[in-house]
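A short write-up of the structure that comes next.
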Amino acid sequence: MLKKVALYDFDNTIASGDTIVRLLKYDLKKLPVHFFYFFKVAFYYFLYLLHISSFEKAKSALLFPLDHMDNSQLKTFYENEVVPSYYPHMIEQMEKEHQQGYIVIVCTASCEVYMKYHQLPADYLIGTRTLTKNGQPTSTVIGKNCKGEGKVPRILECLKSQNIEIDFENSIGYSDSTSDLPMLALVKNRKRIALKTGKISDF
């Protein structure tokens, strides 16, 4: 089934700033002693740079706040720290496209475990997946980081499960970063979101 699709990155596209940075600041403000986790983060990023360990291991280390927050705390974090950073004109754009019959997909490197509280006018939210144990979130990344080329198979898998094929000519994509060019290549109309202002222009 051929459908118009609107693809959106999240950080600095729908909202200003980086949600993982917000998560770290939120955690450290409540528990400053967690600063010591950054030694572990630095260790795993060093191993990644030496090609000894995967990027996902390094990201798992960076996501240490998830090991100390339950679902209600993550919901509070999202509502209080992330929602206020939304670009109002981007939310309006999403709503407009949704009403026009686009399949609206948000695809982000941010974690699904807190992004699931988004309440955006989107049909699907695709993000980096993390392990849940006994109903509680953890920092362990499952599969690949949802960034760059890694977004493409996730989007296609999502659409295939719904028997949807992208109407290339009439579909549109939004991102602030050239790292999302593989995702944007799925659609003909590609829009760049300016850092700081959120202004929309052609890629």
Side-chain angles (χ1 to χ4, degrees), residues 3-30 63 65-66 69 71-129 145-148 151-152 154-155 158-159 162 164 166-167 169-203:
K3 286 278 191 178
K4 296 184 298 183
V5 173
L7 302 174
Y8 284 82
D9 178 39
F10 186 79
D11 291 345
N12 288 311
T13 297
I14 293 172
S16 64
D18 185 297
T19 57
I20 293 178
V21 172
R22 292 183 189 278
L23 179 67
L24 293 170
K25 289 180 177 179
Y26 181 78
D27 178 77
L28 290 172
K29 185 176 180 180
K30 291 180 175 294
L63 292 172
L66 299 184
M69 300 171 72
N71 289 303
S72 65
Q73 290 171 319
L74 287 173
K75 185 174 186 289
T76 298
F77 156 71
Y78 190 89
E79 292 176 345
N80 292 347
E81 303 296 326
V82 181
V83 171
S85 69
Y86 285 175
Y87 289 128
H89 67 287
M90 294 303 295
I91 306 303
E92 291 173 7
Q93 186 69 23
M94 295 179 76
E95 290 174 344
K96 178 181 175 182
E97 288 162 350
H98 197 266
Q99 291 170 3
Q100 291 175 343
Y102 285 81
I103 302 297
V104 179
I105 299 175
V106 177
C107 192
T108 174
S110 298
C111 298
E112 289 184 356
V113 71
Y114 55 80
M115 289 298 301
K116 65 185 179 182
Y117 299 113
H118 64 85
Q119 296 188 336
L120 293 166
D123 297 285
Y124 303 103
L125 182 284
I126 300 169
T128 298
R129 293 175 287 200
N145 186 39
C146 189
K147 186 176 177 65
K151 290 186 176 184
V152 175
R154 295 288 306 280
I155 291 168
C158 173
L159 293 174
Q162 302 300 314
I164 295 171
I166 297 173
D167 179 353
E169 292 291 326
N170 296 302
S171 293
I172 191 167
Y174 302 85
S175 178
D176 68 295
S177 173
T178 56
S179 69
D180 277 326
L181 287 176
M183 176 182 80
L184 298 179
L186 296 172
V187 300
K188 181 177 180 179
N189 305 292
R190 302 153 193 172
K191 302 296 181 181
R192 181 190 292 271
I193 309 303
L195 289 174
K196 305 295 184 182
T197 66
K199 184 179 178 181
I200 303 173
S201 62
D202 290 331
F203 235 106

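What's counted below: heavy atoms across the whole structure, side chains too, no hydrogens, waters or symmetry copies. All residue numbers refer to positions in the sequence shown, counting from 1.
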So which heavy atom on Val152 is nearest to which on Pro182, and how close? CG2-O, 3.5 Å
Between CG of Leu181 and CG of Leu186, what distance do you get to the nearest 0.5 Å? 11.5 Å
So do the side chains of Val104 and Glu95 get within less than 4.5 Å of each other, counting heavy atoms only? no
CG/Asp176 to CZ/Phe203 distance, rounded to the nearest 0.5 angstrom? 7.5 Å
Leu184 and Leu7, any side-chain heavy atoms less than 4.5 Å apart: no
Test item: Arg129 and Arg154 side chains (from C-beta on) under 4.5 Å apart, heavy atoms: yes
Rounded to the nearest 0.5 Å, how far does CE of Met115 lie from SG of Cys146? 10.5 Å
Partners passing side-chain hydrogen bond (donor to acceptor under 3.5 Å, both in side chains) against Lys75 (at least two apart in sequence or in another chain): Glu79
Would you please test Tyr124 and Gln162 for side-chain contact (heavy atoms from CB on, under 4.5 Å) and show each step? CA-CA 11 Å; Tyr124 303 103; Gln162 302 300 314; 3.0 Å; yes
How close do Cys158 and Ile126 get, counting heavy atoms only, and between which atoms? CB-CD1, 3.9 Å
Could you measure the distance from the CD1 atom of Ile155 to the CD1 atom of Ile164? Nearest 0.5 Å is fine. 12.5 Å
All heavy atoms of Pro121 vs all of Ile91, minimum pair found to be CG-O, 4.1 Å
Heavy-atom distance under 4.5 Å between the side chains of Asn71 and Lys116, does that happen here? yes
More than 12 non-hydrogen atoms from neighbouring residues, nucleotides or ligands closer than 6.0 Å to CD on Gln119, yes or no? no
Return each pair, listed once, that meets ring-ring contact (aromatic ring centres under 6.0 Å, His included) where at least one residue sits in residues 4-26; pairs must be two or more places apart or across chains. Tyr8-Tyr174, Tyr26-Phe77
Rounded to the nearest 0.5 Å, how far apart are CD1 of Ile200 and CE of Met90? 4.5 Å
Would you call Glu97 and Lys191 a salt bridge, taking side-chain N to carboxylate O under 4.0 Å as the test? no
Give the minimum heavy-atom separation between Val82 and Thr19, together with the two atoms involved. CG1-CG2, 4.0 Å
I'd like to check Thr178 versus Arg192 (side-chain heavy atoms, cut-off strictly below 4.5 Å). Are they in contact? yes
Distance (rounded to the nearest 0.5 Å) between Leu63 CG and Asp27 CG: 11.0 Å
Return each pair, listed once, that meets salt bridge (charged side-chain N to carboxylate O under 4.0 Å, His left out) where at least one residue sits in residues 9-21; pairs must be two or more places apart or across chains. Asp9-Lys151
Go through the steps for Leu74 and Leu66 under the test side-chain contact (heavy atoms from CB on, under 4.5 Å), then give the verdict. CA-CA 8 Å; Leu74 287 173; Leu66 299 184; 3.7 Å; yes
Does Lys4 NZ have over 12 foreign heavy atoms under 6.0 Å away? yes
Testing the basics here: between Pro65 and Leu23, what is the closest heavy-atom pair and its distance to 0.1 Å? CB-CG, 4.0 Å
pair Ile166-Ile103: side-chain heavy atoms closer than 4.5 Å: no
All side-chain hydrogen bond (donor to acceptor under 3.5 Å, both in side chains) counterparts of Ser201, not counting sequence neighbours: none
Could you tell me which non-hydrogen atom of Val187 sits nearest to which non-hydrogen atom of Gly173, and how far apart they are? CG2-N, 3.5 Å
Can you tell me which residue pairs pass the ring-ring contact (aromatic ring centres under 6.0 Å, His included) test with a partner in residues 79-103, sequence neighbours excluded? Tyr87-His89
So if I apply the side-chain contact (heavy atoms from CB on, under 4.5 Å) rule between Ile105 and each of Leu159, Leu125, Asp123, which one comes out positive? Leu159
So that I can tick it off, tell me whether Lys188 and Glu169 are bridged by a salt bridge, with the cut-off set at under 4.0 angstrom between side-chain N and carboxylate O. yes
Quick one: does Tyr117's side chain get under 4.5 Å of Thr76's, heavy atoms only? no
With sequence neighbours left out, what residues match Arg190 under side-chain hydrogen bond (donor to acceptor under 3.5 Å, both in side chains)? none
Do Ser85 and Arg22 make a side-chain contact, defined as non-hydrogen atoms from C-beta onward lying under 4.5 Å apart? yes
